[in-house]
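Scroll down for the structure; my scribbles are underneath it.
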Amino acid sequence: MTAPRTIAGLAARLAARELSAVELAQDTLDRIARLDPALNAFVTVDAEGALAQARAADEARARGAAGPLAGVPIAHKDVLMTAGLKTTCGSRMLGNFVAPYDAHVVEGLKRAGTVLVGKTNMDEFAMGSSNETSAFGPVKNPWNPAYVPGGSSGGSAAAVAARLVPGATGTDTGGSIRQPASLTGICGLKPTYGIASRYGLIAFASSLDTPGPFAQTAEDCALLLNAMAGHDPRDSTSLDRPVEDYTRTLRAAAGAKPLEGLRIGLPKEYFGAGNDPEVASAIDAALAEFRRLGATTVDVTLPAVKLSVPVYYVIAPAEASSNLSRFDGVRYGHRAARYDDLADMYRRTRAEGFGAEVKRRILVGTYVLSHGYYDAYYLKAQKVRRLIANDFSRAWGECDVIMGPTAPSPAFRFGDKGDDPVQMYLNDIFTIAANLTGAPALSMPCGFTKGGLPIGLQVQGNYFAESLILNVAHRYQQATDWHARVPPLAGQG
Ligand code: GLN
């Protein structure tokens with residue numbers, strides 16, 4: 001039975017006209033008004049726009065011209081440009097910036113008929129793992145408001161977890177879809193780099209930034225990815241490949257052992273002493289379930305992945321320092337009210353517009369790219385990036401997917417890692433490698449701590465293995481119900 005608030009379930013009810021898009025949009029807006037003040041998941045709610053889109057979806061349905069997701073309410077991370085709607089990137093710098101055009105993935109979801117209800121809160125310029133760096137205040141974890149929802153796409157993750165919307169977009173540069181999905185108990189997919197266009201995605205680190213979906217289930221992620229993927233000549237790294245239906249493997253009939261023949265690689269580097277014991281035992285239980293579903297497990301090794309955090313924290317800031325140089329007070333967003341001359345205007349604008357974490361990244365990035373340090377840091381990081389990719393290529397000879405925890409710990413308390421950036425960066429230890437290689441990876445819930453916080457399992461695959469990963473997750477979700485648990489802050493009904 002599909003739960004009524006999944007995308008698949010809602011799309012079926014909309015198609016059967018048991019529910020109109022306008023009724024659903026109104027119900028969604030009511031839920032957001034009632035529940036979001038305690039969560040702070042939304043930066044902008046567009047009630048008027050949502051109702052107008054919902055009316056258009058109902059009309060399209062009446063004409064027999066409804067898209068596959070007509071009337072399904074969604075939210076976009078506020079790093080994705082939405083024409084005519086504020087796009088803040090969680091920053092004072094873009095506090096009043098109204099996007100002049102839609103991102104490619106926004107266009108795709110619009111074409112599929114989704115109803116955009118609003119933009120979600122995020123770490124400033126997508127830099128963070130806890131949502132504490134947003135200029136608009138932190139997002140609360142719907143399982144316990146004293147805990148972070150993860151980051152940087154924490155607003156989208158919390159909105160889906162609290163059932164405010166059945167699906168949302170995120171972007172993943174070093175784990176920002178998978179880590180918040182893990183910490184809030186939902187499903188999130190980072191596709192292969194180049195599958196979904198970066199056009200209209202405000203750049204953080206261009207060689208790593210990847211848009212992707214959040215939803216309660218793998219099936220819903222597949223439905224969203226169908227609308228987000230596709231070639232876009234406006235992004236030079238967008239891949240020109242045949243269009244895929246990511247739900248096709250999910251619909252295939254399956255017996256008692258639907259994953260017969262699947263080889264799951266278990267890298268010893270993912271099962272070390274650094275993992276929280278409750279996380280470790282939930283992952284073990286999930287692996288036992290996968291064996292029941294017919295899969296076998298094989299030990300693999302990824303020796304260079306231990307270097308992924310230092311490599312990422314050279315490459316990502318380097319690219320960020322270059323990308324963020326465009327925020328100069330002339331072309332976009334904030335400009336200091338008072339200044340002496342042009343150089344002073346740049347200085348004051350950037351000092352006022354950016355928060356501490358963004359400034360830290362710009363400083364680090366500028367340093368590692370500077371003459372004399374480029375070879376020692378940036379170039380060396382690029383070489384180690386290749387070694388990490390080589391480790392994975394070798395592993396794909398021995399297994400079809402790689403599993404392990406998405407994050408070494410469940411959600412942590414606000415302030416716990418705030419004054420120690422290195423501790424914060426280490427939360428991304430398992431997610432970053434997939435960004436450095438560009439391969440796809442998914443997180444889905446596989447258990448809870450005794451304190452009631454969700455635990456996420458990461459499923460990684462080789463390039464273009466989205467369908468396989470989604471199918472593996474889907475079969476697990478058909479056999480378990482972790483994904484169907486509803487957090488306390490989702491309220492009643
Ligand atoms: N937490 C990582 C960072 O702070 C990843 C962010 C992301 O994926 N956007 O850079």
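Not measured: the values here are computed from a predicted model. One-based numbering, in listed order, for ligands and for the atoms of each.
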Check your understanding: Do the two ring centres, one from W143 and one from F448, sit under 6.0 Å apart?
Key ->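 W143 vs F448: aromatic centres under 6.0 Å.
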**Study point:** Which residues share a ring pair (Phe, Tyr, Trp, His ring centres under 6.0 Å) with F392, sequence neighbours left out
**Key:** none
Revision key, fill the gap. Per the under 4.0 Å non-hydrogen criterion, ligand 1 touches A126, M127, G128, S129, S152, D172, T173, G174, G175, S176, F204, Y312, Y313, R361, D428
Exercise for review: With sequence neighbours excluded, give me every ring pair (Phe, Tyr, Trp, His ring centres under 6.0 Å) pair touching residues 148-180.
Suggested key: none
Point to revise | ring pair (Phe, Tyr, Trp, His ring centres under 6.0 Å) partners of residues 147-206, not counting sequence neighbours, each pair once | key: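 Output for this query lists Y101-Y199.
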Check your understanding: What do the steps show when you test F271 against I283 for side-chain contact (heavy atoms from CB on, under 4.5 Å), and what is the final call?
Key -> CA-CA 9 Å; F271 292 86; I283 300 295; 3.7 Å; yes
Check your understanding: Do T88 and K119 have a side chain donor and acceptor closer than 3.5 Å?
Key -> no
